[in-house]
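Before any comments, here is the structure.
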Amino acid sequence: MLSRLVDYRELVEQACRSIRADPRLGPAIGVARATARDPLKAALTLLVGETFARRAERAVAGFVAFIGPHRLSGDEYDRLAHYVLSAALTRGVGPERLILIGATLTTVRAAVLPGHAHR
C-alpha cells in the first residue's frame, strides 16, 4: 500500500513540474511557480486520488473548480492532459487506472471548454 502512495505523489509531482515548465500553460493557469499553498498540486492530487478511488464525479467537480476560471484553450487543456497522462505512464500506472485518468480528464475538458455541454 505504501508503494502505491509514493507512486501517486510522484505522479502528481512530475505532472506539476511538466505543467510549470510549459512556457504557455503554467502562466495560463497561474501556476508558473510552486508556492507554499500549491493550488496546482492540490487540484491534481484531488483529481488523481478521487479517480483512483473511483469517485469520478468528485474528481471532475474539483478539477473543474480549479481550471474553470482560467479559460484554457483546447490546445492548452490538451497539453495539460498530456502532462498528467505522461506522468502516469512514466510512473507505471496500470492500464485500468490510466483509462480512468483519461476518462476523467476528457470529462473535465468537456466541462471547461467553450462550446461543450456543462454538467
**Request:** Would you sort out whether L100 and F52 count as a side-chain contact (heavy atoms from CB on, under 4.5 Å), showing the intermediate values?
**Result:** CA-CA 7 Å; L100 288 171; F52 284 0; 5.6 Å; no
**Same cluster (ILVMFWY, side-chain, under 4.5 Å), L46 and L40** = no
**Asked** Is there a chain of hydrophobic side chains (I, L, V, M, F, W, Y, each step under 4.5 Å between heavy atoms) that links I99 to V60?
**Response**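 No; tracing contacts between hydrophobic side chains, which count when under 4.5 Å, never links both residues.
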Tell me if a side-chain donor or acceptor on [X] pairs with a main-chain N or O of [Y] at a distance below 3.5 Å.
X	Y	answer
E76	S73	yes
R20	V31	yes
Y83	D78	no

**Prompt:** Taking only residues two or more places apart in sequence, or in another chain, which ones meet R55 in a salt bridge (charged side-chain N to carboxylate O under 4.0 Å, His left out)?
**Reply:**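 Result, salt bridge (charged side-chain N to carboxylate O under 4.0 Å, His left out) vs R55: E50.
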**Prompt:** What residues form a salt bridge (charged side-chain N to carboxylate O under 4.0 Å, His left out) with E13, not counting sequence neighbours?
**Reply:** K41
**Message:** Quick check for you: to the nearest 0.5 Å, what is the distance between R79 atom CZ and L72 atom CG?
**Reply:**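 The CG atom of L72 is 9.5 Å from CZ of R79, to the nearest 0.5 Å.
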**Asked** Which atom pair, heavy atoms only, marks the closest approach of L85 to G102?
**Response**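 L85 and G102 have their closest heavy atoms at CD2-N, 3.9 Å.
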**Request:** Grab the two heavy atoms, one from A87 and one from A15, that are nearest each other, plus how far apart they are.
**Result:**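 Heavy atoms of A87 and A15 come nearest at CB-N, 3.8 Å.
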**Request:** Kindly determine whether V48 and T104 satisfy side-chain contact (heavy atoms from CB on, under 4.5 Å), including the steps that lead there.
**Result:** CA-CA 9 Å; V48 174; T104 300; over 6 Å; no
**Prompt:** Side chains of I29 and I19: closer than 4.5 Å at any heavy-atom pair?
**Reply:** yes
**Item:** Check: L11 and L44 side chains under 4.5 Å, non-hydrogen atoms
**Value:**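 When only atoms from C-beta onward are counted, L11 and L44 do not touch, as no gap falls below 4.5 Å.
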**Request:** Just do the side-chain contact (heavy atoms from CB on, under 4.5 Å) check on V84 and V12 with the steps written out, would you?
**Result:** CA-CA 8 Å; V84 174; V12 169; over 6 Å; no
**Message:** Under the criterion side-chain contact (heavy atoms from CB on, under 4.5 Å), I'd like the reasoning laid out for V112 against F63: C-alpha separation, chi angles, the key distance, then a yes or no.
**Reply:** CA-CA 10 Å; V112 299; F63 208 66; over 6 Å; no
**Request:** For the pair D22 and R17, find out whether any cationic side-chain nitrogen is under 4.0 Å from an anionic carboxylate oxygen.
**Result:**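 Looking at R17 together with D22, the answer is no, because their closest N to O distance does not fall below 4.0 Å.
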